[in-house]
> 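This is the structure I want to talk about, given as structure tokens.
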Amino acid sequence: MMAATSDQGADATSMGAPAARRPFPIGLAARYAVLIGTVLLTIFPLVWLVITSLRIPADIFAVPVHIIPASVTWRQYVNVFTQYNLAGYLWNTVVVSLATVVFVTVLAVPCAYAMARFCLPGHRVVVTLLLIMRMIPVVALAPGLGASAVITFLLTWSDLLIALTLASSENAQTVPVGLTNFVSQSTGARCRRPGF
Amino acid sequence: VVIERDSRVMSFFRWDLSAPSAPFIGLSNYKETFGSPLFQQSLRDQLVFTAATIAIEVSAGMAVAVLINGEMRGPKVARTLLLIPPMIAPAVVGLNFRWLFNSQYCFIDTLLADLHLPAIAWLSDPNWALVSIVIADVWQNTPLMVLLFLAGLQSLPQERLEAAAVDGASSWQIFWNITLPLLRPVVVIALMLRIIDTFRTFDVVWLMTQGGPGGATSLITVHAYLLAFQGVDFGHAAAVSYIALVISLALLGVLYGLPWLRDT
């Protein structure tokens, strides 16, 4: 009697253990393939961007395309500073981003404090919005004030629409605007320019 | 008809507000109306873009997250790499994909030729241009969905998954009946983020197609921008922006109203 009970117990664990260890019994190799495939698809356009930046101009427009460039040049990295005003664009971007971070943080912290301390009308709506905010730091794996500041900085850094709309003089343009100008000045002439 | 009248009210409202501080507002002649074919096309582009990108990004993001979740070596490196696209300036993404889709000098066409597939006029064919901007957006934002869902998956109570596995549920049953319902809050957040974002997408499209060819990729923001700064029609551009805002808010409302999502 005793032996039978313990046998049953042993059976249950031996059946349950492998299934519990692998809730999704798809081959580990297939999962690695998905992981590697996703990462490759993710980084390929970036690698292509870097390779293109290192090509000599003749290679950029060479047909057929060679994936590995025959010769490599750093000149373009120098040219964006000497021929285009990249330093100015960078400086404008830093100023705009930092100022935005400061203002957003100064404005957001009292608001967050008020929302956390008091139950005001419209509380649910604002809390829902705050929930969205809180989800982003989870992604960045660094919750809190610092993460909010970093995200604000990144969003401002990369913003094009507001900068393009408001900054009419070149002295006030940020990097994304400058980038748009590069395109219309250099590659724009070669690439198809879609008519509208 | 109701919306048409509303948009006129809004655009007048806007026009009145900005008149004192914007000297060129007098050039605005409201030659575009809400019923204009350009706006209807823009709205259609926007809805197709929103539906396609969200469907692909959320389902692909979920699939990849579920598959790579668990005890694997290397996900930390992968996670870091996946963080890169969402952090890049959209203008850079647009520039890069414009280059990748270039029909004469670039990689994708070479690849298609090597595979003996016909060349595709990515950015000059109206339909393929829309596909191109969807691809660029999917490339940039799917990693974010993967990371969101991974974070969600890792916070799930493991006991319930294990209990279901012990009871002999198939992995598909576990996913459909346990994982997905538990992930509802994360899915709602993902959908909300993407709906809001797609209605604000501008940079990538502006760099890749500038709304063309023939308005095939003129999302709401691009249409409003062109109206405002090419047509100098600020009143109508403001109206277009308000309509877009109302539509995206309505979509968020629908999202909250869905029974499957309501309990969150």
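Sequence lines set the chain letters: A, B, ... in the order given, protein chains first and strands last, and positions in each chain run from 1.
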> Could you tell me which portion of Ile84(B) (side chain, backbone, both or neither) has an atom closer than 4.5 angstrom to a non-hydrogen atom of chain A?
side chain
> At a 4.5 Å cut-off on heavy atoms, which part of Ile36(A) comes close to chain B: side chain, backbone, both, or neither?
neither
> Distance to the ring centre below 6.0 angstrom and angle to the axis at most 45 degrees; does that hold for Arg55(A) and Trp48(A)?
yes
> Of Leu38(B), Asp45(B), Val205(B), which meets side-chain contact (heavy atoms from CB on, under 4.5 Å) against Ser218(B)?
Asp45(B)
> Side-chain contact, heavy-atom cut-off 4.5 Å: Val58(B) with Leu191(B)?
yes
> Please determine, among Leu41(A), Thr42(A), Val34(A), the option with the most heavy-atom pairs under 4.5 Å with chain B.
Thr42(A)
> For the residue pair Ile174(B) and Ala164(B), what are the closest heavy atoms and their distance?
CG1-CB, 4.0 Å
> So what's closer than 4.5 Å to chain A heavy atoms on Val92(B): side chain, backbone, both or neither?
both
